[in-house]
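Remember, predicted model here, so these are calculated numbers, not experimental data. Positions are given from 1, in the same order as the sequence printed here.
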Amino acid sequence: MKSLRFLAQVALFVFLVLWGNSIHISAKSHKHRKQGKSSATVSTSKGGSNATPPPVSYEEGSASTSIAKSNTFNVLTYGAKGDAVSDDTNAFEAAWADACKVQGSTVVIPSGSVFLVRPVAFSGPNCQSNIVFQLDGKIIAPKNSGAWGKGLLQWLDFSKLKGIAIRGKGTIDGQGSVWWNDYTTAYQTEDLVIIYNNLACAFYGSTDVTVSGITIQNSPQTHLKFDDCVGVQVSGISVSSPGNSPNTDGIHLQNSQDVVIHTSNLACGDDCISIQTGCTGVYVHNVNCGPGHGISIGGLGKDGTKACVSNITVRDSRIQNTLNGVRIKTWQGGSGSVQGIMFSNIQVSEVENPIIIDQYYCDGHKCPNKTSAVAIAGVSYQSIKGTYTTNPVRFACSDSTPCSGITLSTVILNPSSKANNNDNPFCWEAFGELQTATTPPISCLRTGGRKQPSTTSTLC
């Protein structure tokens, strides 16, 4: 009995010891968890401690949110009113000044607001690369032409930038009607200095330029210009101004290389696309043009200058209700060359002159006859179809520097109901080849060798 009682006492003692240790361990564990929640130290293998950073918070207004948003600059934050009356130029300049310092930054022009902005420059070369203008609102120019000043002017001027982009669903409105009225008066008096070349949006000396999605309308003259730019992408834009608005080119290219323009609607009072000297590697496709003066290379060689244009492709596009379709135009007295040109799969409708080369271009003032000319060679017309109202094909080439290497295939042009059925293709000093039968027959194109260009014509 004593041994049994002793064993029971031992068992009870062991139970009480184990139960007590369990309570102690549980309390210690709980205390450790509580301490870990409020403590900022962790143990290391050497017995020391390092500070643990506080947990990251993504609540609105936190420092992390501010950092995340530091590359976005909304013009409203800089005091822009967006009421279509107040002058918001200073706010745009201030937003740009900050965005310029940050690579990959975005200047936000928000939707739902209309911003009145005077001529303003967004300039490098000290700006960081890959800046985006996110244009979802509307920017308007002053209606008073005096606010623009005098001389050669650009309204929104982007220069010496790398990776600059304008994108969004917004609108740039040049409110150009006051200029068009002034232009008509000035043209009649030959006083064009004060209103010449006032552009809505221009890019100079820039690389990797993108313009997409936006609408540009009612520019005083050219809507969108690229000069001395390399690597240009234009897509999904709309240009809109009346067909009788003077000199309102849609897109103007000059001294620029590696340019792609596509999937855009261009309606204006002059050339839908104007390709000038110094351009090479230009690819235009899926463009709707009209009203306007068509898609043009030139005018080139004005005032005896040298012009060089090469490797231009225009294809898969529609041109309707325009003065010209696809055109090459040069002034007498110039030098240089146009070569490597392809116009392919162009649908024309109610176009006065669907296919035209004019080496006697003159803008209506007195143009004296001169011997030298910009040489034109290697021009291909493939699948040009539709209707014309004046003349289906016109090749007016230079006596001293005839056009050479013209090829035509699947050219089918029928007179519209407005056309004179006696209008036949015209050729002068034009050499080339008909690769298929054409409608109407282009019997005036000369085959075989061509006359050698004048020694005064300096090729590129």
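- Side-chain contact between Val117 and Ile140: absent, with no pair of heavy atoms (C-beta onward) separated by less than 4.5 Å.
- Using modelled atom types and a 3.5 Å distance limit, the side chains of Gln320 and Thr322 yield no donor-acceptor pair.
- When atom types are taken as modelled, the side chain of Asn321 and the backbone of Val351 share no donor-acceptor pair closer than 3.5 angstrom.
- For residues 91-139, the ring-ring contact (aromatic ring centres under 6.0 Å, His included) pairs, not counting sequence neighbours, are Phe92-Phe115, Trp96-Phe122, Trp96-Phe133, Phe122-Phe133, Phe122-Phe158, Phe133-Phe158.
- Ser105 and Phe73 get closest at one heavy-atom pair: CB-CE1, 3.7 Å.
- Across every non-hydrogen atom of Gln359 and Cys403, the tightest pair is OE1-SG, 3.4 Å.
- Put simply, the side chain of Thr171 reaches to within 4.5 Å of the side chain of Gln217, judged on heavy atoms.
- Here Arg394 does not pair with Asp423 in a salt bridge; the nearest charged N to carboxylate O distance is not below 4.0 Å.
- With 3.5 Å as the limit, one finds no donor-acceptor pair spanning the side chains of Tyr361 and Gln332.
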task = Report the C-alpha distance between Ser274 and Ser296 in whole Å, list the side-chain angles of each, state the deciding distance to 0.1 Å, and finish with yes or no for side-chain hydrogen bond (donor to acceptor under 3.5 Å, both in side chains).
result = CA-CA 5 Å; Ser274 171; Ser296 295; over 6 Å; no
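- The disulfide bond (SG atoms under 2.5 Å apart) check on Cys308 picks up Cys460, with sequence neighbours excluded.
- The closest side-chain heavy-atom distance from Val379 to Ile328 is below 4.5 Å.
- A distance-only check finds a donor-acceptor pair linking the side chain of Gln276 to the backbone of Gly298 [under 3.5 Å].
- Contact annotation: the side chain of Tyr204 never approaches that of Asp228 to less than 4.5 Å [non-hydrogen atoms, C-beta and beyond].
- The closest donor-acceptor contact from the side chain of Ser400 to the backbone of Thr371 lies under 3.5 Å.
- Contact detail for Val309 and Thr277: the closest heavy-atom pair is CG2-CA, 4.0 Å.
- Using a distance-only test at 3.5 Å, with no hydrogens or angles considered, a donor-acceptor pair links the side chain of Thr438 to the main chain of Pro440.
- Counted by atom type alone, Trp180 and Asn244 present zero donor-acceptor pairs between their side chains at under 3.5 Å.
- Here the shortest heavy-atom pairing between Leu445 and Glu433 reads CD2-N, 3.5 Å.
- Here the side chain of Asp88 pairs no donor or acceptor atom with the backbone of Ala91 at under 3.5 angstrom.
- With rounding to the nearest 0.5 Å, the separation of CD1 in Ile237 from CG in Leu224 is 5.5 Å.
- Using a distance-only test at 3.5 Å, with no hydrogens or angles considered, no donor-acceptor pair links the side chain of Ser416 to the main chain of Thr387.
- Every residue two or more places apart in sequence or in another chain that forms a side chain to side chain contact (heavy atoms under 4.5 Å, CB included) with Asn74 is listed here: Leu76, Thr77, Val108, Pro110.
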Intermediate values then yes/no, side chain to side chain contact (heavy atoms under 4.5 Å, CB included), Asp157 and Val120 = CA-CA 6 Å; Asp157 183 4; Val120 58; over 6 Å; no
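- Put simply, the side chain of Val348 does not reach to within 4.5 Å of the side chain of Lys385, judged on heavy atoms.
- Ser317 places a side-chain N or O within donor-acceptor distance of the main-chain N or O of Arg315, the cut-off being under 3.5 Å.
- The minimum heavy-atom distance linking Val393 with Phe395 is given by the pair CG1-CE1, 3.5 Å.
- The distance from atom SG of Cys201 to atom CH2 of Trp155, rounded to the nearest 0.5 Å, is 9.0 Å.
- In this structure the side chain of Val132 never reaches within 4.5 angstrom of the side chain of Val107, judged on heavy atoms.
- Residues Ile214 and Ile172 meet the side-chain proximity criterion, which asks for heavy atoms closer than 4.5 Å.
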Output side-chain donor-acceptor pairs under 3.5 Å for residues 284-291, partner residues at least two apart or in another chain, one line each.
unit_1 : atom_1 : unit_2 : atom_2 : d
Asn288 : ND2    : Asn265 : OD1    : 2.8

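- Shortest non-hydrogen contact noted between Val374 and Ala307 is CG1-O, 4.2 Å.
- The distance from atom CH2 of Trp428 to atom SG of Cys397, rounded to the nearest 0.5 Å, is 11.0 Å.
- Judged as a salt bridge (charged side-chain N to carboxylate O under 4.0 Å, His left out), and not counting sequence neighbours, the contacts of Lys101 are Asp98.
- Between the CG atom of Asn391 and the CG atom of Asn424 there is a distance of 8.0 Å, given to the nearest 0.5 Å.
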task = List the steps, then state whether side chain to side chain contact (heavy atoms under 4.5 Å, CB included) holds for Trp331 with Cys367.
result = CA-CA 9 Å; Trp331 297 75; Cys367 300; 4.0 Å; yes
request  = In sequence, state the C-alpha distance, the side-chain angles, and the governing distance for Thr280 and Ser310, and then conclude on side-chain hydrogen bond (donor to acceptor under 3.5 Å, both in side chains).
outcome  = CA-CA 5 Å; Thr280 184; Ser310 63; 2.9 Å; yes
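- Between the side chains of Ser409 and Gln382, not a single donor N or O lies within less than 3.5 Å of an accepting N or O.
- The main-chain N or O of Gly174 is never found under 3.5 Å from a side-chain atom of Trp179 such that the two would form a donor-acceptor pair.
- Formation of a donor-acceptor pair under 3.5 Å by the Gln175 side chain with backbone atoms of Ala141 is found in this model.
- Residues forming a disulfide bond (SG atoms under 2.5 Å apart) with Cys229 (at least two apart in sequence, or on another chain): none.
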ask   = Would Cys127 and Leu161 count as a side chain to side chain contact (heavy atoms under 4.5 Å, CB included) if you check the C-alpha gap in whole Å, the side-chain angles of each, and the deciding distance to 0.1 Å?
value = CA-CA 7 Å; Cys127 288; Leu161 299 167; 3.9 Å; yes
request  = Output, in order, the C-alpha distance, side-chain angles, deciding distance and verdict of side chain to side chain contact (heavy atoms under 4.5 Å, CB included) for His252 and His223.
outcome  = CA-CA 8 Å; His252 181 97; His223 288 77; over 6 Å; no
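- No side-chain donor from either of Asp136 and Ser111 sits under 3.5 Å from a side-chain acceptor of the other.
- Listed for the Ser256 side chain is a donor-acceptor partner under 3.5 Å among the backbone atoms of Gln254.
- A 4.5 Å side-chain heavy-atom check between Lys329 and Asp271 finds at least one atom pair inside the cut-off.
- Distance OG1/Thr222 to CG/Asp270: 7.5 Å, rounded to 0.5 Å.
- A salt bridge links Asp87 to Arg118: one of the charged nitrogens lies within less than 4.0 Å of a carboxylate oxygen.
- Thr106 and Thr72 share no donor-acceptor pair across their side chains, judged by distance under 3.5 Å alone.
- For the atom pair CD1 (Ile442) and CD1 (Ile355), the distance works out to 6.0 Å, reported to the nearest 0.5 Å.
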